[in-house]
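Since the structure is predicted, the reported quantities are computational estimates derived from the model, not experimental observations. Naming convention: chains lettered A, B, ... in sequence-line order (proteins, then strands); numbering from 1 in each chain.
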Protein chains: 2
Amino acid sequence: MKQKNGLSIGELSKQSGVNIETIRYYEKIRVMPAPDRSASGYRVYDADHLKRLSFVRRSRQLGFSLDEIRGLLRLVDGHAYTCAQVRELTLDHLAEIQRKIADLKRLERVMAEMAAQCSGDRVPECAVIDALFDTRPPAVEPSGRQPPMPTATSVMRRR
Amino acid sequence: MKQKNGLSIGELSKQSGVNIETIRYYEKIRVMPAPDRSASGYRVYDADHLKRLSFVRRSRQLGFSLDEIRGLLRLVDGHAYTCAQVRELTLDHLAEIQRKIADLKRLERVMAEMAAQCSGDRVPECAVIDALFDTRPPAVEPSGRQPPMPTATSVMRRR
DNA sequence: CATAGGGCCTGTAGCTGCTACAGGGTCAAG
DNA sequence: CTTGACCCTGTAGCAGCTACAGGCCCTATG
């Protein structure tokens, strides 16, 4: 009773590399369209679904948020995008990645400096602990003030 | 009726730079101890609370998870830490930051390459879209295989 | 003395992007 | 006919907060 090229959710999952639960989640949040159902209520997918899901997966791997992906898909679906529009989204995203890299590099430097101060002695006196108890924001640039220290949240999370 | 050095949650918030809601949240998850209460049930903090909260804030800014911070605080509270222990936690954390930087740099390169392919033409043919529709994982190293492409989640989130 | 405003209280729901159940139905093989 | 693999829905959980709702308290002003 299976239609030509019909994929079950399990098969789609294997072929796309996306978790079954995640596929259903994408459907719920309207990133993937609701597929046809078999007589018994099973989801039945086709090759277009596989393409779209792979698109989503790849975009996620590249760090696009689901909201950004919705934007890309809207362009693709409308067949109305210009390459320039897509390029702009991509460059925005690139800029964000570069900002995160810069933030992390500053963290890296602060952590390395703290660790370097640490002698390894047994006494409960430790440069790292002292530095953490310092109420001021970490020294980031010896010269010149900068935008406020990024929080871990702003660095590690998207949006 | 306020005791010497007693701080209301609002004052603690201002002096520490930590949101009121976040302070209460830290208390709930036992990162901050429950303070005394005034007759009418208001939280009353002292200078030690301020120190500890600043420690937490600074550690968060440096990207430590609340769980790691709990570990640091346990060491500090017990007065039993050696500087070497703290140093180890710090170096672990540093290594993680460096891993994230490396991951992001790979993403950066892929994004930049995609954007560079993009002509800006009006036609609905776009190298970026094509690349995203590619079902294979993004090319990361032209030569030699690597650990699987980091997902955005693994790069952006902690743990 | 009444009231307006600010602050504080608890408890719950929301955010992102999933993942992991619980408790059931379906289907093909042995 | 039973077993086991699959599928279904719906809900709760993860981190680390943030944002209410609905209420109490406290001080100052008219």
Side-chain angles (χ1 to χ4, degrees), chain A residues 1-2 6-32 34-45 53 56-71 96 100 150-159, chain B residues 1-2 6-32 34-45 53 56-71 96 100 150-159:
Chain A
M1 199 55 77
K2 99 174 1 181
L7 294 169
S8 71
I9 196 169
E11 288 159 346
L12 182 66
S13 171
K14 257 171 224 142
Q15 292 194 32
S16 65
V18 176
N19 198 312
I20 289 182
E21 322 271 53
T22 305
I23 295 172
R24 284 196 282 248
Y25 171 71
Y26 284 166
E27 180 182 331
K28 195 164 70 180
I29 63 167
R30 305 187 158 274
V31 159
M32 287 293 291
D36 286 346
R37 298 289 183 123
S38 73
S40 55
Y42 285 19
R43 287 172 179 81
V44 180
Y45 295 96
L53 185 54
V56 174
R57 183 176 110 106
R58 171 127 162 116
S59 304
R60 287 291 300 133
Q61 285 175 329
L62 292 177
F64 286 98
S65 71
L66 287 173
D67 216 56
E68 287 168 328
I69 293 172
R70 258 187 285 253
E96 213 186 320
K100 280 181 212 287
T151 63
T153 308
S154 74
V155 175
M156 307 299 173
R157 278 225 213 119
R158 305 196 37 73
R159 307 267 143 253
Chain B
M1 200 54 77
K2 101 174 0 182
L7 294 168
S8 72
I9 196 169
E11 287 159 347
L12 182 67
S13 171
K14 257 171 223 141
Q15 291 194 33
S16 65
V18 176
N19 199 311
I20 288 182
E21 322 272 53
T22 305
I23 296 173
R24 284 197 282 248
Y25 171 72
Y26 285 166
E27 181 182 331
K28 194 164 72 180
I29 64 169
R30 305 187 158 273
V31 159
M32 287 294 289
D36 287 345
R37 298 290 183 123
S38 73
S40 55
Y42 285 19
R43 288 170 179 83
V44 180
Y45 296 95
L53 185 55
V56 174
R57 183 177 111 106
R58 171 124 160 116
S59 304
R60 287 292 299 132
Q61 285 176 329
L62 293 178
F64 285 98
S65 71
L66 287 174
D67 217 54
E68 288 167 328
I69 292 172
R70 258 187 286 254
E96 214 186 319
K100 280 181 211 287
T151 62
T153 308
S154 73
V155 175
M156 306 298 172
R157 278 223 213 122
R158 305 196 37 72
R159 305 265 148 256

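- Note on A:R37: a side-chain N or O is less than 4.0 Å away from OP1 or OP2 of D:dT9.
- Note that the two end axes of the helix from C:dC1-D:dG30 to C:dG30-D:dC1 enclose an angle of 40°, each drawn from 5 base pairs, rounded to 10 degrees.
- Between A:D36 atom CG and D:dC7 atom P there is a gap of 17 Å when expressed in whole angstrom units.
- The stretch residues 19-30 of chain A touches DNA chain D through A:I20, A:R24, A:K28, each having a heavy atom under 4.0 angstrom from the strand.
- The phosphate of C:dG17 has neither OP1 nor OP2 within less than 4.0 Å of any side-chain N or O from A:R57.
- For the side chain to side chain contact (heavy atoms under 4.5 Å, CB included) test, residues two or more places apart in sequence or in another chain that qualify with A:Y42 are A:S38, A:S40.
- Rounded to whole Å, the distance from CZ on B:F64 to P on D:dC17 is 15 Å.
- B:E68 CD to B:L66 CG: the interatomic distance, rounded to the nearest 0.5 Å, is 9.5 Å.
- At least one side-chain nitrogen or oxygen of B:R43 sits closer than 4.0 Å to the OP1 or OP2 atom of C:dC9.
- With sequence neighbours excluded, no residue forms a side chain to side chain donor-acceptor pair (under 3.5 Å) with A:Q15.
- Here the P atom of nucleotide C:dC15 and the CG atom of A:L66 are 14 Å apart, to the nearest Å.
- Taking atom CZ on B:R60 and atom C1' on D:dG16, their separation rounds to 6 Å, with Å as the unit.
- Between B:R43 and B:L7, the closest side-chain pair of non-hydrogen atoms is not below 4.5 Å.
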Are any protein N/O atoms closer than 3.5 Å to N/O atoms in nucleotides 21-28 of chain D? If there are, list each pair with its distance.
residue: D:dC26; atom: OP1; partner: B:S40; partner atom: OG; Å: 3.2

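- Note that CD1 of A:I69 is 5.5 Å distant from CZ of A:R60, once rounded to the nearest 0.5 Å.
- For the pair A:M32 CE and C:dG17 P, the interatomic distance rounds to 17 Å; values are reported in whole Å.
- Rounding to whole angstrom units, OH of residue A:Y45 and C1' of D:dC8 are separated by 12 Å.
- Interatomic distance, A:R57 CZ to A:I23 CD1, rounded to the nearest 0.5 Å: 11.0 Å.
- Across all non-hydrogen atoms, the minimal contact from A:G10 to A:I20 is CA-CD1, 4.0 Å.
- As rounded to whole Å, 15 Å separates atom P of C:dG17 from atom CD of A:Q61.
- A salt bridge is defined here as a Lys NZ or Arg NE, NH1 or NH2 lying under 4.0 Å from an Asp or Glu carboxylate O, and B:E21 with B:R24 meets this definition.
- B:M32 is listed as a side-chain neighbour of B:L53, based on a closest heavy-atom distance under 4.5 Å.
- Evaluation of the side chain to side chain donor-acceptor pair (under 3.5 Å) rule for B:R30 yields no partner, not counting sequence neighbours.
- Side-chain contact check for B:Y25 versus B:V31: every heavy-atom pair is 4.5 Å or farther apart.
- Atom pair B:D67:CG and D:dG16:C1' shows a separation of 12 Å (rounding to whole Å applied).
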